[in-house]
Amino acid sequence: ADTLLWTVNEVLDLSRIEAGQMAMEDIAFELRAPVAEVLALTRAAARDKGLTLSAEIAPELPPWVMGDPGRLRQVILNLVDNALKFTRAGGVVIALAARSGRLEVSVSDTGAGIPPALRRRLFRRFQQADAGTARRHGGSGLGLMNCRQLLRLMGGSIGVESTPGEGSVFRFDLPLRPAE
């Protein structure tokens with residue numbers, strides 16, 4: 001039921017984005033809140049696999065920022081969920097830092113890694129690393145596409161660095177606008 005709901009929400013988000021009907025909030029929110037919510041939502045899955053799950057928030061970041069906390073949480077959750085799916089040992093780290101007036105968020109894992117030929121397909125609609133991915137791990141192949149589209153709407157971008165056998169780092173950035 002959870003997988004079906006997740007898939008339906010991904011399809012609906014993609015439809016709203018493509019129709020130009022995705023509304024973004026621009027409100028003040030505590031920057032740690034979306035990260036704390038993702039940790040709370042995924043802690044049990046990490047524990048069940050024997051993985052560590054942590055967050056590192058740079059002290060120079062403002063405690064309150066302007067933006068869309070729900071969409072930020074959605075992107076981080078999708079990246080952490082993927083990292084947990086593809087990591088068998090070690091762990092996942094969410095890191096937030098300030099870089100050149102932008103918020104930089106990374107989700108690093110010690111998972112299987114992604115070969116260069118497969119990385120090019122990751123941010124496309126209904127694409128997964130290989131044909132067996134959906135069978136083994138679930139998913140619709142829309143999560144990373146939606147992340148990229150949501151980040152574009154918020155003024156950001158996303159990319160991935162990966163070494164097969166060592167893990168992956170998904171990194172995105174957004175405008176860093178401290179709240180008054």
Side-chain angles (χ1 to χ4, degrees), residues 1-11 13-14 31-58 61 69-97 99 103-151 156-174:
D2 289 339
T3 301
L4 180 59
L5 180 60
W6 185 285
T7 302
V8 168
N9 284 332
E10 286 180 335
V11 170
D13 281 348
L14 181 62
L31 187 53
R32 293 177 178 273
V35 176
E37 291 166 10
V38 169
L39 290 173
L41 289 168
T42 56
R43 189 168 281 121
R47 184 179 53 246
D48 289 349
K49 291 184 77 175
L51 302 174
T52 61
L53 177 63
S54 62
E56 301 168 356
I57 300 177
L61 284 168
R71 296 301 174 187
L72 177 60
R73 178 183 55 246
Q74 180 180 352
V75 171
I76 296 171
L77 179 60
N78 189 294
L79 296 177
V80 170
D81 184 61
N82 284 347
L84 291 172
K85 281 182 197 175
F86 295 100
T87 302
R88 290 187 179 164
V92 176
V93 177
I94 306 165
L96 279 69
R99 302 262 191 273
L103 172 65
E104 183 177 277
V105 180
S106 65
V107 175
S108 307
D109 67 59
T110 57
I114 307 163
L118 298 178
R119 284 196 298 257
R120 289 188 286 272
R121 298 181 0 199
L122 288 180
F123 297 99
R124 295 184 191 155
R125 183 186 324 192
F126 301 114
Q127 293 293 311
Q128 293 181 318
D130 61 49
T133 298
R135 179 178 35 77
R136 289 188 310 270
H137 301 285
S140 63
L142 289 175
L144 291 175
M145 166 84 170
N146 282 350
C147 287
R148 185 180 71 180
Q149 297 287 35
L150 289 170
L151 290 165
S157 62
I158 188 170
V160 62
E161 300 164 13
S162 186
T163 303
E166 294 182 20
S168 302
V169 179
F170 283 83
R171 184 173 285 114
F172 67 88
D173 69 339
L174 292 169

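Index from 1, following the sequence.
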**Smallest separation among heavy atoms of Ser108 and Val169, with atom names** = OG-CG2, 3.6 Å
**Item:** Residue pair Phe170, Asn82: steps toward the side chain to side chain contact (heavy atoms under 4.5 Å, CB included) verdict
**Value:** CA-CA 10 Å; Phe170 283 83; Asn82 284 347; 5.9 Å; no
**Asked** Does Arg32 CZ have over 12 foreign heavy atoms under 6.0 Å away?
**Response** no
**Message:** With heavy-atom distances below 4.5 Å as the criterion, would you say the side chains of Leu96 and Val35 are in contact?
**Reply:** yes
**Item:** Asp109 side chain vs Ser168 backbone, donor-acceptor pair below 3.5 Å
**Value:** yes
**Prompt:** Donor-acceptor pair, Ser54 side chain versus Val93 backbone, under 3.5 Å?
**Reply:** no
**Prompt:** Can you name the residues that form a salt bridge (charged side-chain N to carboxylate O under 4.0 Å, His left out) with Glu56, not counting sequence neighbours?
**Reply:** none
**Prompt:** Can you name the nearest heavy-atom pair linking Leu84 to Ala46, along with the distance?
**Reply:** CD2-CB, 3.9 Å
**Complete:** Closest heavy-atom pair, Ile158 versus Cys147, reported as atoms and distance to 0.1 Å, is CD1-CB, 4.4 Å
**Request:** Please report the shortest heavy-atom distance between Thr87 and Leu51, naming the atom on each side.
**Result:** O-CD1, 3.4 Å
**Asked** So which heavy atom on Ser162 is nearest to which on Arg119, and how close?
**Response** O-NH1, 2.7 Å
**Message:** Val107 vs Phe172, test: side chain to side chain contact (heavy atoms under 4.5 Å, CB included). Steps then yes/no.
**Reply:** CA-CA 9 Å; Val107 175; Phe172 67 88; 5.6 Å; no
**Request:** For Ala97 and Ala58, work out which heavy atoms get closest and say how close.
**Result:** CA-CB, 3.9 Å
